[in-house]
Amino acid sequence: MTDSPTPSIEAMLSQFGATERLPLSRIQVIGGRMLHKNWNDIPHVTHNDLLDVGVLEDCRRVLNQREGVAKLTPLPMLMKALAATLSVFPRFKAALDTDGQHIIARDYCHLGFAIDTEKGLLVAVVNDCDTKSIDTIQSDIVELSEKARSKGLSAAEMAGGCFSVSSLGQIGGTSFTPIINTHQVAILGVSRLVEVPERGDDDQIVWRKKLPVSLSYDHRVINGADAGRFLAELQQQFNHMTQSV
Ligand code: CAO
């Protein structure tokens, strides 16, 4: 007895109504394979938190009144604070060796950031975020994202990241699970800033600006307690930054 061939997905779905077969872009095909591999290979846990960015947002508003300097979004300030946090918690910018028994520590701090383009998702890398100013990080973000959306990025512009950020803040959402990139052990997802009521002194209600963040980490290398401490340090770095800008 011969098995009848399995019908194609399209043939199966067409039984119920009209369908159309459309190609995925090259970026989606290649990127999708990598996402699938990383999702399968890395045991992800996502730790969600709300960071207080009220004073930081006030600083950003003041900085954005300067003449002749590109407007800052929250992203470069976050990347600068992350660079400082990663110097306190260097394990978050290490890679797991193929033997599964060592980590490869990195002495540099190149941060990837996800860019939404018409052809799919790309991750560009801003090198040396620990030594660059917030303004320089901002101009690198703008230059790389414009290039990603027009000509596309070179392999070198997407290589070498130690840790990544995926910001959906300008679009919306309250949390999500970002997928860790190859040769990295963590990624920070950022959602839209919210104002939340908190109990203040004398029990009065105080409205606070909070940034929802979602830290996915490789549980072979990082434990939940480390993730909690990492985000507590990121909050501290935000607080320090407001004193230095
Ligand atoms: N909450 C509220 N508003 C935010 C915000 C946040 N967390 N982050 C940015 N914004 C606001 C900025 O303040 C700015 O508003 P104004 O124009 O009023 O000042 C606006 O959103 C700017 O957004 P932007 O997208 O131009 O700039 P950015 O620096 O925030 O982000 C980039 C740049 C390239 C990361 C972004 O354009 C992008 O492509 N994000 C998508 C990433 C993505 O797809 N991730 C998902 C990966 S998983 O599939």
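In listed order, ligands and their atoms are each counted from 1. In what follows, residues are counted from 1 in the order of the sequence shown.
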Return yes if a side-chain donor-acceptor contact under 3.5 Å exists between [X] and [Y], otherwise no.
{"X": "T46", "Y": "S214", "answer": "no"}
{"X": "D97", "Y": "Q101", "answer": "no"}
{"X": "S87", "Y": "D130", "answer": "no"}
{"X": "T136", "Y": "S133", "answer": "yes"}

So is [X] in contact with ligand 1, going by heavy-atom distances below 4.0 Å?
{"X": "K71", "result": "yes"}
{"X": "A148", "result": "no"}
{"X": "P178", "result": "no"}
{"X": "K209", "result": "no"}

Please check whether [X] reaches ligand 1 - meaning an N/O of the residue sits under 3.5 Å from an N/O of the ligand, judged on distance alone.
{"X": "S145", "result": "no"}
{"X": "F113", "result": "no"}
{"X": "R192", "result": "no"}

Take atom CD1 in I9; do more than 12 heavy atoms of anything else shown fall under 6.0 Å from it? no
Check the surroundings of atom CD in E143: do more than 12 heavy atoms from other residues, nucleotides or ligands lie under 6.0 Å from it? no
At a non-hydrogen distance cut-off of under 4.0 Å, which region of [X] contacts ligand 1 (side chain, backbone, both, or neither)?
{"X": "R149", "result": "side chain"}
{"X": "M79", "result": "neither"}
{"X": "L75", "result": "side chain"}
{"X": "L168", "result": "side chain"}

Which residue holds the protein heavy atom closest to [atom], what is that atom called, and what is the gap in Å?
{"atom": "atom 7 (N) of ligand 1", "result": "S191 O, 3.1 Å"}
{"atom": "atom 49 (O) of ligand 1", "result": "L121 CD2, 3.8 Å"}
{"atom": "atom 28 (P) of ligand 1", "result": "T73 OG1, 3.7 Å"}
{"atom": "atom 32 (C) of ligand 1", "result": "A114 O, 4.3 Å"}
{"atom": "atom 12 (C) of ligand 1", "result": "P74 CD, 4.0 Å"}
{"atom": "atom 20 (C) of ligand 1", "result": "Q170 CB, 4.0 Å"}
{"atom": "atom 46 (C) of ligand 1", "result": "S166 OG, 3.1 Å"}
{"atom": "atom 3 (N) of ligand 1", "result": "G169 O, 3.7 Å"}

In terms of atom number and element, which parts of ligand 1 are under 4.0 angstrom from non-hydrogen atoms of [X]?
{"X": "L193", "value": "1 (N), 2 (C), 6 (C), 7 (N)"}
{"X": "S167", "value": "40 (N), 41 (C), 42 (C)"}
{"X": "I115", "value": "39 (O)"}
{"X": "L211", "value": "7 (N)"}

[X]/[Y] ion pair, N-O < 4.0 Å:
{"X": "D41", "Y": "K37", "result": "yes"}
{"X": "K93", "Y": "D107", "result": "no"}
{"X": "K132", "Y": "D140", "result": "yes"}
{"X": "E195", "Y": "K209", "result": "no"}

Hey, does L78 have a side-chain heavy atom less than 4.5 Å from the side chain of L234? yes
Hey, do the aromatic rings of H219 and Y217 have their centres closer than 6.0 Å? yes
Using ring centroids (six-membered ring only for Trp), state whether F230 and F92 fall under 6.0 Å. yes
Can you list the steps and then say if E146 with K151 is a salt bridge (charged side-chain N to carboxylate O under 4.0 Å, His left out)? CA-CA 8 Å; E146 281 174 4; K151 301 186 259 188; over 6 Å; no
Under 4.0 Å and counting heavy atoms only, is there anything from the protein next to atom 23 (O) of ligand 1? yes
Any protein heavy atom nearer than 4.0 Å to atom 15 (O) of ligand 1: no
Reference residue F113; test side chain to side chain contact (heavy atoms under 4.5 Å, CB included); the match among V125, V123, L144: L144
